[in-house]
Asks: 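Before we start, here is the structure in question, set down as structure tokens.
Atoms within a ligand are numbered from 1 in the order they appear, just like the ligands themselves. Any value given below was found using the heavy atoms of this structure, including those in side chains, with hydrogens, waters and symmetry copies removed.
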Amino acid sequence: MYVCEVFVTNSSLNVNQLYSYYYEEYIESFKRVEVFFAKGKTTALVVNCHEIADLKAEEERLGFRLIKIIRVIDEEPIISSEQFELAKWLSRITVSPFISCLNTMLPKVLRTSRNIKTAKEIEYIRVNKTDEKLTKRQEEVLASLKDGMTAAEARKISVSIIKKFIDAGIVEVYKEEASYRDSKLTINDNFKELTPDQKEAYDTLIRTDKLVTLLFGVTGSGKTEVYLHLARHYLNLGKEVLILVPEISLTPQMIERVRERFNDVIFYHSELSDQERYEQYKRVKEGEVKIVVGTRSSVFLPFNDLGLIIIDEEHDTSYKQDNTPCYHVKNVAVKRALAFGAKVLLASATPSLDSYTRALKGDYGLLKLTQRINNMLPDIEIVDLIKSIKGRQSYIITDRLKEEISNVLENNKQVIILLNRRGYSPIIKCGSCGTTLMCSDCDTPLNYHSSINMLKCHQCGRTYRVPEKCPKCGEKALIRYGFGTEKAEEELQKLFPEARIERMDRDNVSQKGAHKNILSRFERHEIDILIGTQMISKGLDYPDVTLVGILNADAGLAHQDYNAAKLTFDLLMQASGRSGRAHSMGKVIIQAFNPDHYVLRSVLNQDYDYFYNIEMNYRSKTNYPPYAHLLEIIVSDANTEHIENSLKYLEEKLSGLPYKHYRPTELSRIKGSYRYRILLANRELNVMIDDVWKIIDDYLRQRQMARIKVDVDPLYLE
Ligand code: ADP
Ligand code: ZN
């Protein structure tokens with residue numbers, strides 16, 4: 001007889017506790033099993049298993065009755081002990097349950113959950129000869145098919161044509177357990193020769209004994225090229241390389257550049273299906289593929305011999321997960337690099353304050369690229385919106401911006417317009433009684449969207465019909481205030497009726513592939529003006545873009561958040577960086593209400609250090625990061641009694657801790673849940689985590705409490 005200790009999956013009981021069960025056979029650690037738990041069946045992960053002589057005696061020793069494991073799910077352990085240790089470490093530093101960390105690390109098919117998903121057999125195709133008459137498009141498709149390709153891959157080329165081919169017997173489909181061959185990586189010799197500055201950065205990184213190095217290079221300085229060369233170096237040594245990118249769909253060019261140089265790259269991101277993710281995961285595990293480009297979660301892939309991890313645009317907030325476990329990819333990357341003896345390269349034109357401070361202190365290596373490849377930084381100009389409005393100009397597209405757009409269009413170049421607010425009008429107010437229309441589930445004003453002629457809550461996504469009269473006073477006096485991308489698009493089209501204008505924001509790119517479609521049409525110059533939210537500020541490298549216009553550029557500064565200035569600075573710098581990247585000088589017009597604010601001055605001078613010094617001075621005075629670590633606890637529940645219990649409990653325990661402690665702040669309601677934030681701050685992180693863990697562990701065992709989420713080192717406060 002054997003006794004196993006297991007972690008149980010149970011969402012209502014998210015404690016970090018091991019439970020004991022018995023079984024007749026030995027079960028290897030890290031296999032999943034099915035067990036009875038809390039009146040139902042659930043899955044669990046076996047952590048250890050030892051033989052016992054007698055069940056009764058063991059039960060007496062433990063002081064409780066043991067239940068038998070129902071069945072063993074896996075033939076092989078689903079994780080390695082490195083991954084197990086990683087999940088334990090992640091659980092500790094994020095103050096979140098072990099099982100949620102483990103599940104975050106794994107593709108869905110391997111997760112422990114109530115409904116177990118298992119991997120399917122994979123469909124492959126075989127291509128037969130044919131003398132049938134094919135259309136040109138069919139011939140193209142046929143030419144791109146290869147024996148042994150997966151059916152899923154083939155269908156991506158054209159679902160309808162593949163179906164026809166299968167019906168006609170031209171393509172045969174057969175099923176097989178996925179089989180993995182040796183790496184068939186080939187490295188092409190189409191690398192650009194590095195400039196002397198790039199070469200120096202490259203050589204330094206290869207020689208450095210620093211675990212982490214920051215590559216701080218202005219936009220267009222050729223950072224991407226440097227790390228493609230570095231990737232080649234490590235691949236040639238037989239090592240694995242991971243390139244992390246903020247969002248795959250927003251960086252099609254980056255993907256293209258990697259694909260051009262290396263064959264057999266894995267792109268690991270959220271648009272893959274569960275099965276596809278599982279297959280890619282296995283290919284990495286079996287050592288079949290040595291280079292991965294992926295978003296945040298690819299940092300958890302089961303590498304064998306990792307040599308280099310690159311974090312592109314390391315300042316990007318998408319590297320932090322905003323639900324439990326709230327981990328930052330940089331911390332995980334460093335942890336994994338340590339385990340493999342690998343190096344981490346952080347790259348950005350606007351590094352996070354934390355990374356740059358560590359680099360200045362010498363904890364990280366620091367490499368700088370201060371020149372653009374074309375040696376021309378764009379020319380930036382700020383338009384004062386107060387003056388424009390006083391001069392009775394439009395405050396959406398000012399006369400100055402309009403003039404520049406005309407110039408660019410005349411020269412047959414392209415324009416990017418950034419406005420970080422989607423929809424038509426963000427506020428609908430009654431002109432008679434002053435009521436603002438709000439979402440009934442969230443404390444959030446409703447946005448008017450002209451494309452659907454509906455009101456939309458940007459918090460929960462719920463849509464509402466547009467009322468004719470004010471729901472409060474009954475007057476027909478509803479007025480729309482402010483503007484979003486839809487209205488700016490409309491105004492642009494009025495000003496430039498001939499121009500081909502396209503909008504890109506979350507509302508019109510929800511479909512898979514929609515981003516790519518718009519961006520590739522922009523690349524082929526089938527679009528003259530691209531207007532969009534922050535999605536268009538990242539990573540785009542189009543030679544014909546010679547003007548970037550930024551509307552309402554300082555709107556983000558109105559947020560009462562400790563990090564608002566940095567986030568606004570990043571957005572403006574990154575967006576400006578899209579202008580004039582090739583042979584023509586770029587121009588940037590920034591429309592703002594506070595042209596004298598240090599964020600705008602720093603952007604105007606394209607001077608990161610100027611911004612850094614002012615911002616750090618402010619952070620030091622207020623004791624905000626990177627001078628102290630913050631730990632945010634969000635308490636939320638629809639039940640106000642539970643909220644009260646929780647706040648009382650947490651306040652009492654937390655106030656006993658020797659850390660700076662901000663009392664609960666009420667946050668806006670979301671989807672009917674009331675929310676409160678408790679904040680702690682301390683210079684030293686580790687003891688704070690340990691102390692908070694003890695409190696949270698006890699908290700999770702209490703009844704009648706609200707849900708909580710812990711966010712260590714939040715990038716912005718909720
Ligand atoms: P960053 O990543 O710093 O924004 P990129 O790597 O995108 O910069 O480089 C900017 C542009 O310069 C790209 O179009 C790229 O192809 C080109 N480029 C980069 N390095 C070189 C080089 N060594 N020789 C020629 N062109 C280069
Ligand atoms: Zn809502």
Asks: State plainly whether the residues Arg462 and Asp441 are in salt-bridge range, i.e. N to O under 4.0 Å.
Replies: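 So Arg462 pairs with Asp441 through a salt bridge.
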Asks: Does the structure place the NZ or CZ of Arg261 under 6.0 Å from the centre of the six-membered ring of Phe191, at an angle of no more than 45° from the ring's axis?
Replies: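 Judged by the rule (NZ or CZ under 6.0 Å from the ring centre, within 45° of its axis), Arg261 counts as positioned above Phe191.
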Asks: Angle between ring planes, Tyr598 versus Phe611, binned at 30° and 60°: parallel, tilted or perpendicular?
Replies: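 Ring orientation, 0 to 90° scale: parallel.
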Asks: Provide, to 0.1 Å, the distance between atom 20 (N) of ligand 1 and the closest protein heavy atom, together with that atom's residue and name.
Replies: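 I find the closest protein heavy atom is Gln198 NE2, 3.0 Å.
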Asks: Which residue owns the protein heavy atom closest to atom 11 (C) of ligand 1, what's the atom, and how far is it?
Replies: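 Protein heavy atom with the smallest distance to atom 11 (C) of ligand 1: Asp541 OD2, 4.0 Å.
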Asks: A side-chain contact here means heavy atoms from C-beta on lying under 4.5 Å apart; do Thr219 and Ser576 qualify?
Replies: no
Asks: Which protein N, O or S atoms lie under 2.8 Å from the Zn ion (ligand 2)?
Replies: Cys439 SG, Cys442 SG, Cys457 SG, Cys460 SG
Asks: Specify side chain, backbone, both or neither for Val218, according to which of its non-hydrogen atoms lie closer than 4.0 Å to ligand 1.
Replies: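 Looking at Val218 and ligand 1, just backbone atoms fall under 4.0 Å.
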Asks: So which protein heavy atom does atom 4 (O) of ligand 1 come closest to, and at what separation?
Replies: Gly220 N, 2.9 Å
Asks: Among all protein heavy atoms in this structure, tell me which lies nearest to atom 2 (O) of ligand 1, with the distance rounded to 0.1 Å.
Replies: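 Minimum-distance protein heavy atom for atom 2 (O) of ligand 1 reads Thr224 OG1, 2.7 Å.
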Asks: Taking the non-hydrogen atoms of Arg257, is any one of them nearer than 4.0 angstrom to ligand 1?
Replies: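 Yes, Arg257 has a heavy atom closer than 4.0 Å to ligand 1.
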Asks: Okay, side chain of Glu313, backbone of Ala347: is any donor-acceptor separation there less than 3.5 Å?
Replies: no
Asks: So, 4.0 Å and heavy atoms of Gly217: is ligand 1 close enough to count as a contact?
Replies: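 For ligand 1, residue contact (heavy atoms, under 4.0 Å) with Gly217 is absent.
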Asks: Counting heavy atoms only, name the option from Thr195, Asn374, Ile373 that's nearest to atom 19 (C) of ligand 1.
Replies: Ile373
Asks: Does the Asp637 side chain pair with the main chain of His642, one donor and one acceptor, at a distance under 3.5 Å?
Replies: no
Asks: Who's the nearest protein heavy-atom neighbour of atom 27 (C) of ligand 1, and how far?
Replies: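 Sorting protein heavy atoms by distance from atom 27 (C) of ligand 1 puts Lys192 CD, 3.4 Å first.
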Asks: Among all protein heavy atoms, pick the one closest to atom 8 (O) of ligand 1 and tell me residue, atom and distance.
Replies: Gly222 N, 3.0 Å
Asks: Under a 3.5 Å distance rule, please check whether Arg677 uses its side chain to pair with a backbone N or O of Thr665 as donor and acceptor.
Replies: no
Asks: Quick check: does any side chain N or O of Arg232 sit under 3.5 Å from a backbone N or O of Leu228, one acting as donor and the other as acceptor?
Replies: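 The answer is no, because no donor-acceptor pair under 3.5 Å joins these two groups.
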Asks: Taking only heavy atoms of Leu194 into account, list the atoms of ligand 1 that are under 4.0 Å away from them.
Replies: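 Taking each heavy atom of Leu194 in turn, ligand 1 has 23 (N) under 4.0 Å.
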Asks: Of all the atoms in ligand 1, which lie at a distance below 4.0 Å from a heavy atom belonging to Glu225?
Replies: 6 (O), 19 (C), 20 (N)
Asks: Ion pair present between Arg503 and Glu489, side-chain N to carboxylate O less than 4.0 angstrom?
Replies: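 A salt bridge is present here (some side-chain N lies under 4.0 Å from a carboxylate O).
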Asks: Phe522 and Tyr542: aromatic ring centres closer than 6.0 Å?
Replies: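 They qualify: ring centres under 6.0 Å apart.
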Asks: May I ask you to test the Leu367-Thr213 pair for a side-chain heavy-atom distance under 4.5 Å?
Replies: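 Yes, their side chains come closer than 4.5 Å.
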Asks: Give the intermediate values and the outcome of side-chain contact (heavy atoms from CB on, under 4.5 Å) for residues Leu369 and Val218.
Replies: CA-CA 6 Å; Leu369 293 173; Val218 298; 5.9 Å; no
Asks: So, do Tyr356 and Tyr364 have ring centers that fall under 6.0 Å from each other?
Replies: no
Asks: Do Lys223 and ligand 1 have an N or O pair less than 3.5 Å apart?
Replies: yes
Asks: I'd like to check which ligand 1 atoms, numbered from 1 as shown, lie under 4.0 Å from a non-hydrogen atom of Glu193.
Replies: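 Close to Glu193: 22 (C), 23 (N), 24 (N).
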